[in-house]
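Below is one structure, written out as structure tokens; the observations come after it.
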Amino acid sequence: FAGTAAGVFLSTNNGASWPATSLTNASVEALAVSGANLFAGTLNGGVFLSANNGTSWAAVNTGLTNTNIRSLAFSGANLFAGTLNGGVFLSTNNGISWTAVNTGLANTFVYALAVLPAGGGTGGTNLFAGTRGGVFLSTNNGTSWSAVNIGLTSTTIPALAVTPASGGSSTNLFAGTSIGGVFLSTDNGASWTAVNGGLPTANYVYAFAVSPISGGSGTNLFAGTSGGVFVSSNNGTSWTAVSTGLTQANVLCLAVSGTSLFAGTVGGGVWRRPLSEMITSVERLSTEVPTHFSLSQNYANPFNPTTTIEFRVSSFEFVSLKVFDVLGREINTLVNEVRPAGVYRVRWDASSLPSGVYVYCLRAGNFVSAKKMVLMK
């Protein structure tokens with residue numbers, strides 16, 4: 001589903017075609033799903049509900065004193081709606097009725113909502129609201145709110161995202177800002193740290209999407225910004241631009257579906273790119289310290305459609321491994337982060353690319369090496 005300025009559209013063929021649903025007279029800012037129920041939050045029209053994949057819609061606005069809906073989020077059976085200058089509303093009956101839950105919410109321009117488990121085995125949840133005045137936390141379903149902004153240098157928060165922390169024992173909360181990049185909190189918002197390596201902080205961060213790293217070793221976090229799409233596989237320590245082919249840089253929303261990432265843009269519609277082109281699993285084969293830096297010839301070569309690249313790092317360095325076409329245009333970034341000394345192996349999937357000669361280039365400290373490889377389909 002895609003929410004647009006002209007209603008909701010549905011694709012059942014991975015974005016190849018988008019027939020309109022029956023909601024065509026509303027500007028849709030948010031979508032949320034619970035079971036068979038699809039909710040659409042609109043500007044000036046409140047919330048709409050469809051139980052049949054958009055064939056029909058019903059307005060569900062009783063109690064909503066502000067119908068400018070910017071965000072929607074579920075916490076169990078509770079549906080929360082964030083509004084522009086009306087705060088947060090709660091429905092416990094699928095939108096049949098709504099109640100304002102704003103005590104302590106000092107800024108009522110609510111752009112984003114996120115839900116985290118409370119931890120400690122209590123079964124409770126922490127509800128976060130990203131607003132024009134920073135991040136606010138409620139531990140009681142919105143009955144009361146408190147500001148949690150220590151460390152945030154930008155307090156306009158258009159986007160929030162949740163990922164599991166290493167080992168699954170805790171949770172990472174990310175905040176995307178209007179002029180400050182991305183911030184990370186590992187303590188339920190009590191403190192925040194900027195995590196912007198490689199991400200221009202002047203970019204407006206509109207949206208996040210999360211995809212697991214193959215093998216269960218973590219998550220890939222995508223950020224939709226005013227300067228395109230970026231991805232981080234290390235909780236924001238480093239970011240890589242993955243906007244190749246995207247001609248509209250303002251990315252308002254992101255969604256992972258199957259093996260693809262979808263990007264909704266300003267005036268440019270919806271775009272799709274295979275995850276395999278943007279995220280790469282880097283396997284460390286050995287912790288033994290090599291005597292020198294090196295880049296090996298890929299194998300198989302020629303290949304179709306995957307190949308493996310090995311390289312050696314002899315000291316703790318920032319490592320970049322990129323793929324280019326013969327015209328020098330960047331095709332893929334396979335590695336773009338600090339790596340300790342060791343031997344590494346990367347698998348590259350070129351299934352979406354045409355046959356031809358490609359060049360892969362390793363940069364680590366002062367070491368630079370490039371080699372050719374041939375994709376033959």
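Just so it is clear, the structure is predicted and the values come from calculations on it, not from any experiment.
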* To do: In sequence, state the C-alpha distance, the side-chain angles, and the governing distance for Asn78 and Thr125, and then conclude on side-chain contact (heavy atoms from CB on, under 4.5 Å).
  => CA-CA 11 Å; Asn78 295 323; Thr125 56; over 6 Å; no

* From CA spacing to verdict: side-chain contact (heavy atoms from CB on, under 4.5 Å), Leu362, Val319 -> CA-CA 7 Å; Leu362 176 70; Val319 178; 3.6 Å; yes

* To do: Would you sort out whether Phe80 and Asn141 count as a side-chain contact (heavy atoms from CB on, under 4.5 Å), showing the intermediate values?
  => CA-CA 9 Å; Phe80 295 92; Asn141 290 323; 3.9 Å; yes

* Asked: Can you list the steps and then say if Tyr299 with Asn301 is a side-chain contact (heavy atoms from CB on, under 4.5 Å)?
  -> CA-CA 5 Å; Tyr299 62 92; Asn301 189 41; 5.9 Å; no

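At distances below 3.5 Å, not a single donor-acceptor pair connects side-chain atoms of Asn203 with backbone N or O atoms of Gly181. Between the Ser138 side chain and the Ser144 main chain, a donor and an acceptor come within less than 3.5 Å of each other. Thr83 places a side-chain N or O within donor-acceptor distance of the main-chain N or O of Gly87, the cut-off being under 3.5 Å. Side chain of Trp192 to backbone of Val148: a donor-acceptor contact under 3.5 angstrom is found. In this structure a side-chain-to-backbone donor-acceptor pair under 3.5 Å is present from Ser232 to Ser238. Listed for the Gln248 side chain is a donor-acceptor partner under 3.5 Å among the backbone atoms of Val266. Judged purely by atom type and a 3.5 angstrom limit, Trp98 uses its side chain to pair as donor or acceptor with the backbone of Val60. Remark: the backbone N or O of Leu334 is not paired with any side-chain donor or acceptor of Asn332 at under 3.5 angstrom. Judged purely by atom type and a 3.5 angstrom limit, Arg273 uses its side chain to pair as donor or acceptor with the backbone of Val242.
Judged purely by distance below 3.5 Å, without hydrogens or angles, the side chains of Thr237 and Asn235 never pair a donor atom with an acceptor atom. In this structure, a donor-acceptor pair under 3.5 Å is absent between the side chains of Thr55 and Asn53. No hydrogens or angles considered: nothing links the side chains of Thr201 and Asn196 as a donor-acceptor pair under 3.5 Å. For the residue pair Thr108/Asn85, the side-chain donor-acceptor check at 3.5 Å is satisfied.
The only member of Val101, Val47, Val110, Asn66 that meets side chain to side chain contact (heavy atoms under 4.5 Å, CB included) when paired with Phe89 is Asn66.
The hydrophobic clustering, which links ILVMFWY residues whose side-chain heavy atoms are closer than 4.5 Å, places Phe230 and Trp271 apart. Hydrophobic cluster membership is shared by Val346 and Ile331, with clusters built from Ile, Leu, Val, Met, Phe, Trp and Tyr side chains linked at under 4.5 angstrom. Grouping the Ile, Leu, Val, Met, Phe, Trp and Tyr side chains by contacts below 4.5 angstrom, directly or via other members, places Tyr344 apart from Phe318.
Of all heavy-atom pairs spanning Leu254 and Ala223, the tightest one is CD1-C, 3.6 Å. The shortest non-hydrogen separation linking Glu330 to Thr244 is O-OG1, 3.6 Å. Minimum interatomic distance between Gly130 and Leu160 (heavy atoms only, all atoms of both residues): N-CD1, 3.5 Å. Considering all non-hydrogen atoms of both residues, Ala341 and Ser315 come closest at CB-N, 3.9 Å. The nearest pair of heavy atoms linking Arg339 to Val313 is O-CG1, 4.2 Å. Considering all non-hydrogen atoms of both residues, Leu375 and Pro305 come closest at CD1-CA, 4.2 Å.
Rounding to the nearest 0.5 angstrom, the gap separating the CZ atom in Phe208 from the CG atom in Leu221 is 5.5 Å. Of the inter-residue distances, the one linking Arg70 atom CZ with Thr131 atom OG1 reads 12.5 Å to the nearest 0.5 angstrom.
The neighbour count for Asn13 CG, taken as heavy atoms of other residues, nucleotides or ligands under 6.0 Å away, is above 12. Enclosure of atom CG in Leu285 by more than 12 non-hydrogen atoms of other residues, nucleotides or ligands within 6.0 angstrom is indicated. Within a 6.0 Å radius of NZ in Lys377, more than 12 heavy atoms belonging to other residues, nucleotides or ligands are found.
Between Asn14 and Ser260, the closest side-chain pair of non-hydrogen atoms falls below 4.5 Å. Using a 4.5 Å heavy-atom cutoff, the side chains of Asn366 and Phe293 are not in contact. Annotation: side chain of Ser71 is not in contact with side chain of Tyr111 (no heavy-atom distance under 4.5 Å).
Using bins of under 30°, 30° to 60° and over 60° for the plane-to-plane angle, the ring pair Tyr358/Trp348 lands in the perpendicular bin.
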